[in-house]
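Remarks on the structure that follows.
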Amino acid sequence: MATGREIAQLCGVSVATVSRVFNQPGTVNEETRERVLRVAKELDYRPNESARALSTKQSTMIGLVWDTDHRRPGWRHPYLQDLLIGLKSALSAHGYHLLMLATSGDAREVGASLADPVGYVNMTRRHHLGGLVLIDSGSDAKAFETFAQSGVPCVALDVAVEGPRATYVTSDNEGGAWSAVRHLLSLGHSRIATITGPVGNQPSRARVSGYRRALREAGVASRDDYVVSGDFYRASGTAAMHRLLALDEPPTAVFAASDEMAVGALLAARAAGLQVPRDLALVGFDDIEVASVVEPALTTVSQDKPGFGVAAAKAIMAMITGAEKEGPLVLPTTLVVRGSCGG
């Protein structure tokens, strides 16, 4: 690949002019700029990102802060994979790229962990990153408050944050859960249980709130033994379903706070000799790919997963470019009715 010096020699300009074409294009006349860009394209020249960051005091990198410690299998969750695809694509359309920042599992290497979020803020400033996207893995909300107050452009996903250059994107988790439980009530169920997400996770709390609100509005008492915690993953759904089926009066319907847990519950029900939906109705949340291919297909609350990432990218680009900061973005959810509920 050609160097900036070679491009300068071929175009008959200085190396500094080549640098300004890519970093401060408005300071170079149109004829020269077009000539440099044409030659650069022909020779597949790409400016050095590190040098570019030093000269402009800002890179085209957006840091992704997410605890990927081996105890947290977040990368493997299909909902989050789809979300990240939308985020990466939207940032690329603006000429920005996503950079994964090491977290607590690698704290000794980078000098930063979510227990010490100031380290991340310092890293961001040292490398002139354009901003940060924050993903909560269950217990990071307090650390996110530090990010939000730092002045670095930040967009949190599914965590409510406030700050001078911080906002967040989430789905209507309570409304989605409410619609799921209302659907089960409309089918005649009153013994409705829920398998929740992790304790402390904001979407999980909102979905429990929607579950309880739907029961309350229908005049159905909420039972503590019908609320069982999971972690959004399949194995926890299976374990929770076994607990529910062991009750003296097991539920006839279950709302799981994720499709992964709903599939786990489906497997547990089958192992117990139950048929879905004849003996047990199931509703999930997320509308990941597996929801439409299991048998019976899963009724679920659909989130706009790529749209979630696009909204986050739009919000952070607005802050980077100096536009007015957008308020919290709450994306709508939609109930998708399939065969797992019958009716």
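- With Thr300 as the fixed residue, the side chain to side chain donor-acceptor pair (under 3.5 Å) test singles out one of Asp259, Thr333, Thr334: Asp259.
- When side chains are defined from C-beta on, Asp158 counts as touching Asn173, because their heavy atoms get closer than 4.5 Å.
- Within the structure, side-chain hydrogen bond (donor to acceptor under 3.5 Å, both in side chains) contacts touching residues 175-195 (residues at least two apart or in different chains) are Trp178-Glu217, His189-Thr252.
- Judged as a side chain to side chain donor-acceptor pair (under 3.5 Å), and not counting sequence neighbours, the contacts of Arg338 are Asp287.
- Hydrophobic clustering, with ILVMFWY side chains joined whenever heavy atoms are under 4.5 angstrom apart, keeps Val283 apart from Val208.
- Contact check for Ser229 versus Thr196: side-chain heavy atoms found under the 4.5 Å cut-off.
- To the nearest 0.5 Å, atoms CD1 (Ile195) and CZ (Phe285) are separated by 15.0 Å.
- Partners of Ser14 according to the side chain to side chain donor-acceptor pair (under 3.5 Å) rule, which considers only residues two or more places apart in sequence or in another chain, are Thr17.
- Residues that satisfy the side chain to side chain donor-acceptor pair (under 3.5 Å) test with Asp172, not counting sequence neighbours, are absent from this structure.
- For the pair Tyr96 and Ile316, the minimum side-chain heavy-atom distance is 4.5 Å or more.
- Within 6.0 Å of atom CZ in Arg5, 12 or fewer heavy atoms from other residues, nucleotides or ligands are found, so the atom counts as exposed in its surroundings.
- Not one N or O on the side chain of Arg165 forms a donor-acceptor pair closer than 3.5 Å with the backbone of Cys154.
- Ile192 CD1 to Tyr211 OH: the interatomic distance, rounded to the nearest 0.5 Å, is 7.0 Å.
- In this structure, Glu289 places its CD atom where only 12 or fewer heavy-atom neighbours from other residues, nucleotides or ligands lie under 6.0 Å away.
- Sparse packing is recorded around CD of Glu30, with 12 or fewer heavy atoms of other residues, nucleotides or ligands lying under 6.0 Å away.
- Considering Ile135, Leu157, Leu132 as possible partners of Leu64, the one that fulfils the side chain to side chain contact (heavy atoms under 4.5 Å, CB included) test is Ile135.
- To the nearest 0.5 Å, the span separating OG1 on Thr60 from CG on Leu98 amounts to 11.5 Å.
- Distance check: Lys88 NZ to Leu91 CG gives 9.5 Å after rounding to the nearest 0.5 Å.
- Atom CZ of Arg207 sits about 7.5 Å away from atom OG of Ser171, to the nearest 0.5 Å.
- Counting heavy atoms from C-beta on, the side chains of Leu43 and Leu10 come closer than 4.5 Å.
- Within the structure, the side-chain hydrogen bond (donor to acceptor under 3.5 Å, both in side chains) test picks out the following pairs touching residues 234-248 (sequence neighbours left out): Asp231-Ser236, Arg234-Glu260.
- Residues passing the side chain to side chain donor-acceptor pair (under 3.5 Å) test with Gln275: none are found, sequence neighbours excluded.
- Distance check, rounded to the nearest 0.5 Å: OG of Ser209 to CZ of Arg212 gives 9.0 Å.
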